[in-house]
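Keep in mind that the numbers below use all heavy atoms, side chains included, and drop hydrogens, waters and symmetry copies. Chain letters run A, B, ... following the sequence lines, proteins first, then strands; residues in each count from 1.
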Amino acid sequence: MSEKTYDPQEIESRWQARWAGEALYQAEQSTEKPKFYVLEMLPYPSGTLHMGHVRNYSIGDALARYKWMRGFNVLHPMGWDAFGLPAENAAIKNNRHPNEWTRANIAHMKKQHQRFNFSYDWSREVATCDPEYYRWNQWFFLRMFERGLAYRKKALLNWCPRCNTTLANEQVIGGNCWRHEDQPVEQRELDQWFLRITDYADDLLNDIAHLEGGWPERVLTMQRNWIGRSEGTEVDFALAAHDGAAGGGKIRVFTTRVDTIYGATCVILSPGHALVNELASPEQQAIARRMNEDAKRKDPGDLEKEGFFTGHYAINPYSGERTPIWVGNFVLMGYGTGAIMAVPAHDQRDFEFCRKYGIPVKPVVRPADGELAVEATMKDAFEDYGVAAVAGEFSGLPTEEAKRQMNAKAEREGFGKAAITFRIKDWGISRQRYWGTPIPMIHCAGCGVVPVPEAELPVVLPHDINLADVKGSSPLSHVPEFVNAACPKCGGPARRETDTMDTFIDSSWYFYRYCDAHNPNEPFSGDIVRYWFPIDQYIGGIEHAILHLIYSRFWTKMMRSLGLIDWDEPVTNLFTQGMVIKDGAKMSKSKGNVVDPDEIVGRYGADTCRMFSLFAAPPERELDWQESGVEGQYRFLGRVYRFVTRNLEKARSVPNIRVPEVAALGEADRQVLRKLHLTIRKVTDDFETRWHFNTSIAAIMELMNEAQGREAELTEASLPDLCGAVAMMLAPFAPYLSQELWTELGRDGLVFKQTWPVFDEALAREDDVEIPVQVNGKLRSRVTVPLGTSKEALENAAMEDAKVREWVGGKTVVKVVVVPDKLVNIVIKG
RNA sequence: GCCGGGAUGGCGGAACUGGCAGACGCACCAGACUCAAAAUCUGGCGAAGUUCACUCUUCGUGCGGGUUCGACCCCCGCUCCCGGCACCA
């Protein structure tokens, strides 16, 4: 039979047409099989897939197909993170409605997905901009509101005076507006909705322990840092009497080192602290305002410490000392209480500040095995723990013990308490934007803030809107039909909430909806998600290590509080793939180094594109895109295709794989089958452990090299097994070609639903092994012996080897290291 | 500054548990096929030295030490690159 030319466009379009409309990848609802939920992060429908997507999905798809072949009931869904600002920008720029723009993008990207033949169960597709989806965002919001988990408060927002709108934190670059790079962002105080993620701060931190091993360590570290739990003490410094502050005014500070409080030589307020306006002169208040703005604009590393003395004093409740009150630009308003006690002798930042302004430095803690430092000679703060040397009644205690006793005293006497502070803040979810989930609340002059009754959900986003003319407030506030509503309580005229929700809400629970995507009565059925959860494998980019992945964990814990589910964590295993780079830089439009997947597919086919993205580097590392490497993959697939098609007659002759008698095989068949089973072991092992598909593909290449080298002597004894197994091993990586080969071989059905080939020890075993022989650790010769040769026999064989004799002859053999089937090392002297 | 990750041929990378460094691919060189080219196939390909030649020797995994019969791998001390966090009291 003559070989055929590999024509990926013909093969791929033929199978695509044949599979169109067929539900090949549907998960089963009831089955005896074990379940496997593999998930890739849903994309924002920007318009086209980029190589980062292709890489992400190629990894997930390989795993999904492999799991099918290992007999799992696989859930592998896909959807669209369809709300967000780019749709609004595009709407203004192109005079196109965000919905229309988004839907067109989804349609195009879905076509691209299907061209790649990623194995998604499209019957579960979710677009977060569908009212059927976002109504459940609203439903969750109401549940949280009922429990006080959603609340409203005033908060500072970033405001660009030229855009005349608020900006998200990520849209503030170096203190300036992302659209107007020379325009500093202002702060405005507005009412905002918040979710009480801090209620779960301890759970989010503690449950990280359950994720160890399944999640990359660095993601867990980043989350721990983000949550930023620290144990310490809150202490009140009373304002000194002559300040005239009526009613016993006080300054509450947070410290992790209350044991050093006898060394506090001043109290420092953040420039944003409420007391600044009471204690500072008008001139000083102006300085404080300038400091606030500097802090917003500048990189904290470039900001020099500065401050001023307010002229007022506070009383240290432990020592009774009068302590000057300063304002300092390095004290953060957003952390702790916005005020600190400065202990320059034991905190480097305080040390730098106090030395600059001539504030005394007072050492109070000495090293466990040393002397108390002397102020005049101190070059740096002593930050270690030790013994409280100057601490009134606590003097002489180890610092840890001093802390405990001093906490107890604060509590006893009512001027403070042990306290835990978190870096993580409640999640501000209000966005003054159009293209998002409407917050289901109504503002009534008489009744206040009233939730929309559940029966009226969803609160649908109005279609008619003029985004271009909207200035300075939420677009929805300009739509009277939307805004004007009857108060659900009193029936009087009222206004709807016009802010929409942060889109991170959409992506915090979408993977639950996949399980029961069309449920009209509830976000999902508890029974169905109990079957599929937790997610066995989540795959995505490292850039979501904090935001999305913390919000998702929070949402799961929140749903547990609501009684919807009964587990703590949504994702058992997380895999973060590396970036795709080209010419040493991340692909980006501004760098002009973007490779368009469509173009690669058009030139080489989807299989080649997928193969290369898996072959060029291990998945967790950066991938360097090289066009010539893509061609190499294309050549390899062509080589496989031609090999199989020109050997079809023999390869087809046996309908199913069976194990031939080893002894009866010819040398070529024997060696190729041996290599085949080594390859099966290798590829299987890669799937089961570390997903280094680059080495899996390399192993299959080696196998094909071996087969092609012995092609003339191969017979029906090996070719059916070889070709069938190669088709199956390629199935996770190159779905079109593998199916084509499978069908050409005369086998029935879908290749990725076959049983994964099984490693056969007997066929893989080698009769003889070549053993390297070293002399003093250097390779000097090799001897060939039967596998399993004993230590003694192996040593004898090595010593008899002619080359070894040359090296060893006349010298004293000190020692011989023999590792059977591996190596011999002869240690000589003289 | 703190916390991760990394450094191996001209390039991407392999060596999984301390046991033949450079698998596999790319690029390059040579040959076969061809009028020619493309495609395909075959061979070579870390560096230096040596041999007519098969070959052989020495060096070689960022740098300096150490452990070991044996180190890309383990330990100690550095350098550089990438990423994250960064006045969090």
Side-chain angles (χ1 to χ4, degrees), chain A residues 3 5 216-222 224-226 228-230 232-233 253-258 260 268 270 295 299-301 303-305 328-332 334-343 346-350 352-353 383 421-424 542-543 545-546 578-579 581 584 612 615-618 620-633 635-636 638-639 642 682 685-686 689-690 692 694-705 708-709 770-782 803 814-819 821-828:
Chain A
E3 72 176 32
T5 307
E217 195 50 48
R218 64 174 172 151
V219 173
L220 299 181
T221 303
M222 284 162 82
R224 278 192 200 98
N225 292 341
W226 184 265
R229 182 183 199 271
S230 68
T233 313
V253 304
F254 175 75
T255 177
T256 55
R257 291 294 302 272
V258 69
T260 65
I268 310 179
S270 167
D299 188 350
L303 214 56
E304 204 187 320
K305 287 185 180 56
N329 67 337
F330 70 103
V331 178
L332 303 175
Y335 184 77
T337 60
I340 63 161
M341 61 176 201
V343 184
H346 301 292
D347 183 289
Q348 188 60 29
R349 296 157 302 184
D350 298 346
E352 287 164 17
F353 184 81
E383 296 188 320
T421 293
F422 289 93
R423 205 184 89 110
I424 193 171
I542 186 75
E543 65 272 19
I546 303 289
M579 284 189 314
I581 61 167
F612 178 72
F615 178 73
E620 72 278 8
R621 291 249 291 262
E622 274 184 351
L623 185 155
D624 188 27
W625 189 270
Q626 289 184 7
E627 188 78 20
S628 56
V630 182
E631 271 174 53
Q633 265 331 288
R635 280 200 285 269
F636 170 63
R639 226 146 54 78
R642 289 190 301 276
K682 166 72 187 155
D685 188 57
D686 278 336
T689 59
R690 49 180 201 161
H692 278 198
N694 53 330
T695 61
S696 311
I697 293 169
I700 300 171
M701 287 174 166
E702 279 186 64
L703 171 62
M704 289 312 296
N705 289 347
Q708 221 173 311
E770 199 183 51
I771 307 288
V773 182
Q774 299 177 340
V775 178
N776 284 349
K778 289 188 176 174
L779 179 71
R780 294 304 180 191
S781 184
R782 295 184 177 87
K803 267 193 220 142
V814 179
K815 181 177 179 181
V816 181
V817 180
V818 183
V819 185
D821 296 334
K822 275 279 182 189
L823 155 142
V824 177
N825 187 14
I826 302 160
V827 185
I828 58 171

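- A distance-only check finds a donor-acceptor pair linking the side chain of A:Asn776 to the backbone of A:Ile828 [under 3.5 Å].
- Taking only side-chain nitrogens and oxygens, A:Ser230 comes nearer than 4.0 Å to OP1 or OP2 of B:A89.
- Closest approach to the A:Arg690 side chain among B:G19, B:C11, B:A14 is made by B:A14 (side chain taken as heavy atoms from C-beta onward).
- Between the side chain of A:Asn329 and the main chain of A:Glu304, a donor-acceptor pair closer than 3.5 Å is present.
- Counting only heavy atoms from C-beta on, A:Ser628 has its side chain closest to B:C26 among B:C87, B:C26, B:G19.
- With B:U57, B:C16, B:C41 as the candidates, the nucleotide lying closest to the side chain of A:Lys682 is B:C16.
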*Between protein and nucleotides 2-8 of chain B, map the contacts as a letter string: B base, S sugar-phosphate only, - none, heavy atoms under 4.0 Å, written 5' to 3'.*
-SS----
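- Using a 4.5 Å cut-off on side-chain heavy atoms (C-beta onward), A:Ile697 and A:Gln633 make contact.
- In this structure, A:Lys305 fails the cation-pi test against A:Phe353, since its NZ or CZ atom is not both closer than 6.0 Å to the six-membered ring centre and inside 45 degrees of the ring normal.
- Per the geometry, CD belonging to A:Glu627 stands 14 Å off C1' belonging to B:A27, to the nearest Å.
- Atom CD1 in A:Ile581 sits 8.0 Å away from atom CG in A:Leu623 (nearest 0.5 Å).
- When both distances must be under 3.5 Å, the Watson-Crick or G-U wobble mate of B:U55 does not exist.
- Among the heavy atoms of the strands lying under 4.0 Å from A:Val827 are primed sugar atoms or P, OP1, OP2 only; no base atom is included.
- When the P atom is used for both B:G5 and B:A89, the distance is 24 Å, rounded to whole Å.
- Glycosidic torsion of B:G83 falls outside 90° of 0, placing the base in anti.
- Side chain of A:Val331, nearest nucleotide from B:U40, B:A89, B:C24: B:A89.
- Position along RNA chain B of the nearest nucleotide to A:Met701 versus A:Met579 favours A:Met701 as the more 5'-ward residue.
- For the pair A:Arg423 and B:A86, the criterion of a side-chain N or O lying under 4.0 Å from OP1 or OP2 is met.
- The phosphate of B:G19 has neither OP1 nor OP2 within less than 4.0 Å of any side-chain N or O from A:Lys778.
- Remark: A:Gln774 is not in phosphate contact with B:C69, judged by side-chain N or O atoms under 4.0 Å from OP1 or OP2.
- A salt bridge between A:Arg224 and A:Glu217 is present, with a side-chain N of the basic residue lying under 4.0 Å from a carboxylate O of the acidic one.
- The side chain of A:Phe615 approaches B:G25 more closely than any other nucleotide in the set B:G25, B:A89, B:G19.
- In this entry the distance linking CG of A:Leu779 with C1' of B:C69 reads 15 Å, nearest Å.
- Distances shorter than 4.0 Å separate some side-chain N or O of A:Arg635 from OP1 or OP2 on B:C26.
- Candidate nucleotides B:C26, B:C69, B:A89 were compared by shortest atom distance to the side chain of A:Phe254, and B:A89 ranks first.
- Going from atom CG of A:Leu823 over to atom C1' of B:A21 covers 14 Å, rounded to whole Å.
- Proximity note for A:Glu702 (side chain, C-beta onward) versus B:C20, B:C24, B:C87: the nearest is B:C24.
- Side-chain contact between A:Val827 and A:Val816: absent, with no pair of heavy atoms (C-beta onward) separated by less than 4.5 Å.
- Looking at heavy-atom distances under 4.0 Å, A:Gly336 makes no contact with the nucleic acid at all.
- When both pairing distances are held under 3.5 Å, B:U42 makes a Watson-Crick or G-U pair with B:A30.
- Rounded to an integer number of Å, the gap from CG of A:Leu623 to P of B:G12 is 12 Å.
- In this structure, B:G62 and B:C78 make a Watson-Crick or G-U wobble pair, each of the two defining distances being under 3.5 angstrom.
- In the set B:C24, B:G19, B:A89, the nucleotide with an atom closest to the side chain of A:Ala698 is B:C24.
- At distances below 3.5 Å, at least one donor-acceptor pair connects side-chain atoms of A:Arg257 with backbone N or O atoms of A:Glu383.
- Using a 4.0 Å heavy-atom cutoff across all strands shown, A:Thr421 reaches no nucleic acid atom at all.
- The backbone N or O of A:Gly232 lies less than 3.5 Å from no partner atom in the side chain of A:Thr256, so there is not a single donor-acceptor pair.
- A heavy-atom distance below 4.5 Å is not found between the side chains of A:Lys803 and A:Val775.
- Within 4.0 Å (heavy atoms only), A:Pro216 reaches no atom of the nucleic acid at all.
- Among the atoms of the strands shown, none is found under 4.0 Å from any heavy atom of A:Val343.
- Residue A:Lys305 places a side-chain atom within donor-acceptor reach of the base of B:C87, judged by atom type and a 3.5 Å distance cut-off alone.
- Distance A:Glu620 CD to B:C16 P: 15 Å, rounded to the nearest Å.
- With both ends at atom P, the span from B:A27 to B:U42 equals 16 Å, rounded to whole Å.
- Using P as the reference atom, B:C85 and B:G12 are 27 Å apart when rounded to the nearest Å.
- Nearest-nucleotide assignment on RNA chain B puts the 5′-proximal partner with A:Ala699, out of A:Arg642 and A:Ala699.
- In this structure, the nucleotide among B:U58, B:C69, B:C20 sitting nearest to the side chain of A:Arg780 is B:U58.
- Rounded to an integer number of Å, the gap from A:Arg782 CZ to B:G19 P is 17 Å.
- When the C1' atom is compared between B:C63 and B:U50, the two are found 31 Å apart, to the nearest whole Å.
- Picking from B:A89, B:G13, B:G12 the nucleotide with the shortest atom distance to the side chain of A:Asn694 gives B:G13.
- For B:C72, there is no paired nucleotide, since no Watson-Crick or G-U wobble pair has both relevant distances below 3.5 Å.
- Atom pair A:Glu3:CD and B:C41:P shows a separation of 9 Å (rounding to whole Å applied).
- Per the geometry, NE2 belonging to A:His692 stands 13 Å off C1' belonging to B:A15, to the nearest Å.
- Pair check for B:G12 finds B:C24; Watson-Crick or G-U wobble, both atom distances under 3.5 Å.
- Counting non-hydrogen atoms under 4.0 angstrom, A:Asn705 reaches the backbone sugars and phosphates but no base.
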*Please assess A:Phe615 against A:Met701 for the test side chain to side chain contact (heavy atoms under 4.5 Å, CB included), listing each intermediate value before the final yes or no.*
CA-CA 11 Å; A:Phe615 178 73; A:Met701 287 174 166; 3.9 Å; yes
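- As the counterpart of B:U50, no nucleotide is assigned, since no Watson-Crick or G-U wobble pattern has both distances under 3.5 Å.
- Taking atom C1' on both B:C59 and B:G22, the two are 15 Å apart, rounded to the nearest angstrom.
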